[in-house]
Amino acid sequence: MPEAHSRSTSALAQAVAAVLHPVLPAEAGLSLDDVAGMLAPPRAKNMGDLAFGCFRLRPAYDGAPPPKIAAELAEKLPTDGVIAQAVAAGPFLNLTLDPGSMAAAVLPTLARGLGEPVVTRDEKVMVEYSQPNTHKAFHVGHMRNVSLGDALVRLLRAHGHEVVAANYLGDVGAHIAKCLWWFLDVLTEEEQQPPNDGKGEWLGSLYAKANNQLVDWETSAKAGDADAQAKLDAAKARTTDILLKLESRDPELLAVWEKTRQWSLEEFDEIYAWSKVVFDRVFYESEVDEPGLKLVQEYLDKGVFVESEGAIGIFNEEIKHMPFFMLRKGDGTSLYSTKDLALANLKFKDFAIDRSIYVVDMRQSDHFKHVFLTLKKMGFEQAELCHHVPYEMVELPEGAMSTRKGTVILFRALRERMLGHLQEAYLDKYRGEWSDAEIDETAHALALGAIKYGMLNRDVNQKIVFDLEAWMNLEGNTGPYIQYSAARLGSILRKAKEAGKVLDPALVDNAEALRAAGSELVQPEERELIGALDGLRLAVFNAASHLKPSLLCTYLHSLAKAVNRFSTNKKCKVIDQDGDRLQGRLLLVTAANEALRWGLWQLGIPSPQRM
RNA sequence: GCUCGCAUAGCUCAGUCGGAUAGAGCAACGGUUUCCUAAACCGUAGGCCGCAGGUUCGAUUCCUGCUGCGAGCACCA
C-alpha cells in the first residue's frame, strides 16, 4: 500500500488513541484520528511520553472540570498494553508508554528506509522558482530562493504530490538591453572577449557598469547637467532600440544576444549542479514575450485592457493603492507582467497542473495580486489555482545588498570561501587518511548544509541577515550540526559492523523479536529519541502543507539534539552489547540515522558518511 | 499618504487547533573525554512575549486601535 511520507498524526499517537478512544464517552463525538491529533508530548520529559488535554471533553462530562475528567480517565485506562502508566496532572492525562510497544510502533518503518516519494494525492503541482536574469550576476540573495523552491519541491513530493519543478529565466527585458548597450557601444572589440572562467559573472559586471552609468547620468541630469541629460537620452534611445530589435528578432542583434545569453546559462547550469537542484522544465521569458504582447492586443481589442498615458494596462480597482497594472509600455515593448499572462497560460496548457506555485520575494506581492486578478478578468478560471509564496529578503550586516555599492556577495566567491574555510577548519586533519575526493565531497556537502539550512531555518517572512563569518562558524543550530549527528550514528554502525555486530534484517518484520529488542530501550535518552523520531512524519506534513521548510528545520534540530544526547551517553553504548539489547540499539541507531539523512535530503541537504 | 510584513532573553530566532512553569542557538560563567567523533554533552544565569483595549474558564497565539522598523506604490524586474 503506497504511503506518502507525511501524516497529520504520529505512529505513537495512533497506537495510544486506539486504546484511549474506546474509553472516552461517545457523546464527545471524537474520532480515532481526532483523539490521536489531541495527543502531544508533555511539557517536561519526566511527565511521560504523551499527554492528553481533557478540555474538549467537558461537554460530554456535563461540564465537569478537566482535572476531574483526567483523574477519571486515569482510573479507567487499561495499562497492560502500549500504555504502561496513566497519571492525571491537572487537566492533562500524562501517559508513559511501554518501551517495546514504542519501539515497535516507531522504528521499523524508519529502519526499513523511507526511500523515494510515492504519489498518493491527486493534485499535481508546479513550483516555479529561482528565476534569475541572464546578463546579471547570481549572488547569495538568489540562494534563498533556490533553497526554498527546491525544498518545497521535495517536501511536496514527500507529501504525496506529483510535482513539476520549473525555472523561469529572464533572458529578455530592459536589463538585457542595458547590458548589450554597454557590450556593443562602450567596449572595444578586444574588450568584448570574456574570461575563460566565469563568463556569466563577467557579463553581470557589464550590466552593473551600464546601470551605474545610467543612474549617474540621471542624477547629474536632474541637477541640471545638460551634457549628462543628452548622454542619458541617447543611451535610453539606444536601449529602447535594442529592446525593439530583440523583440522583433533582428538577426544581427539576435546573434549577440544568443552568444551572451549562453554565457549566463552555462553559469546557471553550473550553480544548479553544485546546489543539487534539478528542474523538470525551464521556461524562458523569450518564449512568452511575443505571446504576451499578442494577448495584450487581443484583450485591448476586447475592451478588457485600456490605454493610459500611452501605455496599455488594466485598472484593478480591488488594489486600491495602485489600481493601474501596466501590461505594455508606451514604446510598445513588453514588461514582466506581459509575459506573466502568457506564462500562466502555458503552464496549465502544457502540464495539466492543478495548482501553480510562484516562489518569488515579498516585494512582488502586489504584482502577483494584479497578475492573478487580471487573468481572472480575462476569463482564465485557473487563476484561482495560482498561488504566490512570498519570502523576505537577504541582507548583509551592513545593510541591503547593492550591486551599485559593490556590496553583493557573488555565488562563486561565496562557494570558494565556504569550501576553503570548511577544509581548513575541519577537514584538513584527515588529509592522507581520506582520499582528496572524499575531502572535497565532504566539504561540498557541509557547504550545502551551511548555506541551505541557514536560508531555510527561518520563517519565510523573516528577513535574513547573512553574516558569512557567523554562518561558517558551524556551531549551534546549523546544517552541519545536524549532519554531524548523522555522521556519528553512521560511525557507530560502521564500527559495530567491524566488530561483527549487525542488525538482524528479519527483526523489523518480526513482532515478537521487535518487542523483545525494543523492551531493552529503557534509558531516558533512548526513550526520548524514540519519541523524537515519532515526530518526523508530522513535521514533514506540517512543512509541506504550510509551505514552510523552516518547520522541518526546527524538527530536525530537536531530533539531532536527542541523537547527540544518546550518542554521548556512555550508558547507551552499542558495541559492547549483545543479544536483544544490541539488536534494540542497532535498530534505534539505524532508524535515527535514516530519519536524519532522509529529513535533511527533503531540504536538499546531503549527509556525508563521515566528517 | 495608502497597502503588506515584522516586533518574544544582551544578540539571532522557534512557539502547530487558544491550554501545564513561554523554548532553542550565540554570547557569559561552571563542569564532562582510559575516546562507538569534544563540530558533542550537562549545568548556572538571563523574560512587561512592543503599548492599550476586547473576546474567552484560559491569550505570546484570535479581534480592534496605537507606536516603532522594513518593503511596495506608472513604463525596472
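Chain letters run A, B, ... following the sequence lines, proteins first and then strands; every chain starts at 1. Quick caveat, the model's predicted, so the values are computed rather than measured.
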| message | For the backbone of L244(A) and the side chain of E247(A), can you confirm whether one donor and one acceptor N or O come within less than 3.5 Å of each other? | response | no
| said: Suppose we call two aromatic rings close when their centres sit under 6.0 Å apart. Are W182(A) and Y207(A) close by that rule? | reply: no
Looking for any heavy atom pair under 4.0 Å, which part of the strands does [X] touch: base, sugar-phosphate only, or nothing?
X: K561(A); result: sugar-phosphate
X: N461(A); result: sugar-phosphate
X: A496(A); result: nothing
X: R56(A); result: base
X: A487(A); result: base

| ring centroid sep under 5.5 Å plus plane angle under 30, Y484(A) with A40(B) | no
| message | Going by centres under 5.5 angstrom and planes under 30 degrees, do the aromatic ring of F92(A) and the base ring of A20(B) stack? | response | yes
| said: For the P atoms, the ones on G10(B) and on G72(B), what distance do you get once it is rounded to whole angstrom? | reply: 31 Å
| task | Compare side-chain N and O positions of Q462(A) against OP1 and OP2 of A7(B) and report whether any pair is under 4.0 Å apart. | result | yes
| request: Can you figure out which of A77(B), U37(B), A74(B) approaches the side chain of S308(A) most closely? | output: A74(B)
| Watson-Crick or G-U wobble mate for A24(B), both contacts under 3.5 Å | U12(B)
| field | Residues from residues 570-577 of chain A lying under 4.0 Å of RNA chain B - heavy atoms | value | C572(A), K573(A), V574(A), I575(A)
| query | Is the Lys NZ or Arg CZ of R328(A) less than 6.0 Å from the centre of F305(A)'s six-membered ring, within 45° of the axis? | reply | no
